[in-house]
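Reading through the structure tokens given below for one structure.
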Amino acid sequence: MSTSTTRPMRILVSGGAAAAILIGSVTGCADRSGGGSAEEDFPSGNITLLTPTAAGGATDLTARTLGKQMEADLGVSVIVENRPGGAGSIGMQYLADQSADGYTIGVLPVEVSLLGHQGYSIDPAAYDFLGQVNSQPGTIAVPANSPYRTLDDLIAAAKADPGAITVSNAGPGSIWEAGAVELGRVADVQFTGVPFDGGAPAVTAAIGSQVDAVVAGIGETAPAHADGRLRVLAVFTEEPAPALPGVPTATELGLDVVIGSWAVIAAPTGLPEATATRLEESIESASATDEYIDLIESGGNLPLYRSAAETTTFVGTESDRFEQLAAQE
């Protein structure tokens, strides 16, 4: 999606259109308890907005910009806290263990619907989902000085010497590890994965030529591609990405790989109804601001919005899909 010359645009998904942007997952909606005076006064103190990723990545930037916009609406400070590690599982488990009072919420990436099928004790049912706020296509990129000019070059090198090509990712169980594995499966080659705690350090490793390539979100690779630090070889979308003009999709190159990430806002399951409603309203308002939309679009991401109910259904559908993919491995 390209930035408008007049006003940024946002995709609002509702009803039957919740079918799938990039790749999609699942879970039932948790019950919310009734309210009292404390709920009606919410919020009366600062809110912690947790992100289970390292600082500097797409999810972190989403949290910081969204939190700033929510502060103006809620009238309290929204403090971003990073708890990276374990492909996001450490921060996600921490969030699930907090009180369901609305004062600790989180920006969770696609891994919330993936990790449970990768051996982690992460279950979407542990959260009340309050809204989806973006969608992020996946990419594969190489260092600017790489001898591999095209994806065909990279795959040919991997075929000539199985396991010799190293590809960094956001960690075991992450969507970007899954993306690299899927690319290798479709291309019938073997890559050696190099995990990091988040997309930002994985991209930094590629920029520094510590690895041959990186699979990461477009929000993390497009800026480095634009300033000449990386060369994106392909986008894992069905249609070309406006943020990467001239870069082909993997599908265009004959490789059926369509995969990506997204961000949702969640809280520990059991939020009081009034608190959940107030947070959902604030998230919807914040995600519609020009500042937030500009940030998302500037990185090549899609400022897509879904309501709490639609997000719960979407995450469930995604989880179901990842379960099926895991069974095929």
Side-chain angles (χ1 to χ4, degrees), residues 7-18 21 27-51 59-81 95-96 98-109 112 124-135 262-297 301-316:
R7 187 191 180 285
M9 295 179 65
R10 179 180 62 151
I11 299 174
L12 288 91
V13 180
S14 62
I21 303 270
T27 225
C29 184
D31 290 338
R32 290 172 175 154
S33 59
S37 60
E39 297 156 16
E40 293 169 359
D41 292 340
F42 178 86
S44 59
N46 296 339
I47 293 173
T48 296
L49 181 58
L50 180 145
T51 171
T59 303
D60 174 69
L61 292 174
T62 294
R64 294 184 186 281
T65 306
L66 197 71
K68 180 180 177 182
Q69 303 306 309
M70 290 178 68
E71 284 184 339
D73 175 60
L74 295 171
V76 298
S77 294
V78 177
I79 303 166
V80 175
E81 179 179 325
L95 177 63
Q98 301 310 297
S99 299
D101 56 12
Y103 289 98
T104 303
I105 60 177
V107 179
L108 303 186
V112 68
Y127 310 96
D128 280 354
F129 294 101
L130 301 168
Q132 181 183 354
V133 292
N134 71 29
S135 184
W262 35 259
V264 298
I265 312 301
T269 189
L271 278 184
E273 186 67 34
T275 300
T277 298
R278 183 69 186 95
L279 285 169
E280 181 181 4
E281 291 171 348
S282 184
I283 291 162
E284 180 175 11
S285 176
S287 69
T289 61
D290 288 357
E291 182 174 352
Y292 179 73
I293 294 173
D294 284 344
L295 170 84
I296 297 303
E297 290 190 328
N301 300 321
L302 304 177
L304 178 151
Y305 174 77
R306 282 187 172 97
S307 69
E310 293 158 350
T311 298
T312 300
T313 299
F314 172 71
V315 173

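- The structure places OG1 of Thr104 at 8.0 Å from CD of Glu81, a figure rounded to the nearest 0.5 Å.
- Proximity of Thr312 to Tyr127: side-chain heavy atoms (C-beta onward) are nowhere separated by under 4.5 Å.
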Note to self: Is there a salt bridge (charged side-chain N to carboxylate O under 4.0 Å, His left out) between Asp41 and Arg278? Walk through the geometry before answering.
What the structure shows: CA-CA 10 Å; Asp41 292 340; Arg278 183 69 186 95; over 6 Å; no
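- In summary, the side chains of Ser282 and Asp73 do present a donor paired with an acceptor at a separation below 3.5 Å, with no hydrogens or angles considered.
- In this structure, the separation between OG1 on Thr289 and CG on Leu66 is 7.5 Å, given to the nearest 0.5 Å.
- Side-chain contact check for Gln69 and Glu291: at least one donor-acceptor pair (N or O, by modelled atom type) lies under 3.5 Å.
- Counting only distance, with no hydrogens or angles, the side chain of Gln132 and the backbone of Asn134 share a donor-acceptor pair below 3.5 Å.
- The salt bridge (Lys or Arg N to Asp or Glu O under 4.0 Å) test applied to Glu281 returns no partner, not counting sequence neighbours.
- Between Thr62 and Tyr292 the shortest heavy-atom distance is CG2-OH, 3.4 Å.
- Contact annotation: the side chain of Met70 approaches that of Ile283 to within less than 4.5 Å [non-hydrogen atoms, C-beta and beyond].
- Partners of Leu295 by side-chain contact (heavy atoms from CB on, under 4.5 Å), not counting sequence neighbours, listed by chain and number: Leu61, Thr65.
- What you find for Pro303 and Ile293 is that their closest heavy atoms are CG-CG2, 3.9 Å.
- The side-chain heavy atoms of Ile47 and Leu279, taken from C-beta on, include a pair separated by under 4.5 Å.
- In this structure, Leu108 CG and Leu50 CG are separated by 7.5 Å, a value rounded to the nearest 0.5 Å.
- In this structure, the side chains of Leu304 and Trp262 stay at 4.5 Å or more apart for every pair of heavy atoms.
- Residue Asp128 holds its CG atom at 9.5 Å from CD of Glu273, rounded to the nearest 0.5 Å.
- Inter-residue side-chain proximity for Thr311 and Glu280 is flagged as unmet; no heavy-atom pair is nearer than 4.5 Å.
- Here Ser99 pairs with Asp101 under the side-chain contact (heavy atoms from CB on, under 4.5 Å) rule; sequence neighbours left out.
- Looking only at atom types and distance, the side chain of Tyr103 has no donor-acceptor partner in the side chain of Thr275 under 3.5 Å away.
- Counting all heavy atoms, side chain and backbone alike, Ala100 lies closest to Pro272 at O-CD, 3.4 Å.
- Heavy atoms only, all atoms of each residue included: Ala266 and Phe129 are closest at CB-CD2, 3.8 Å.
- Between the side chain of Asn46 and the backbone N or O of Ser77 there is at least one donor-acceptor pair closer than 3.5 Å.
- Looking at heavy atoms from C-beta onward, Leu271 lies in side-chain contact with Leu130 at the 4.5 angstrom threshold.
- The two residues Ala63 and Val107 come nearest to each other via the heavy atoms CB-CG2, 3.7 Å.
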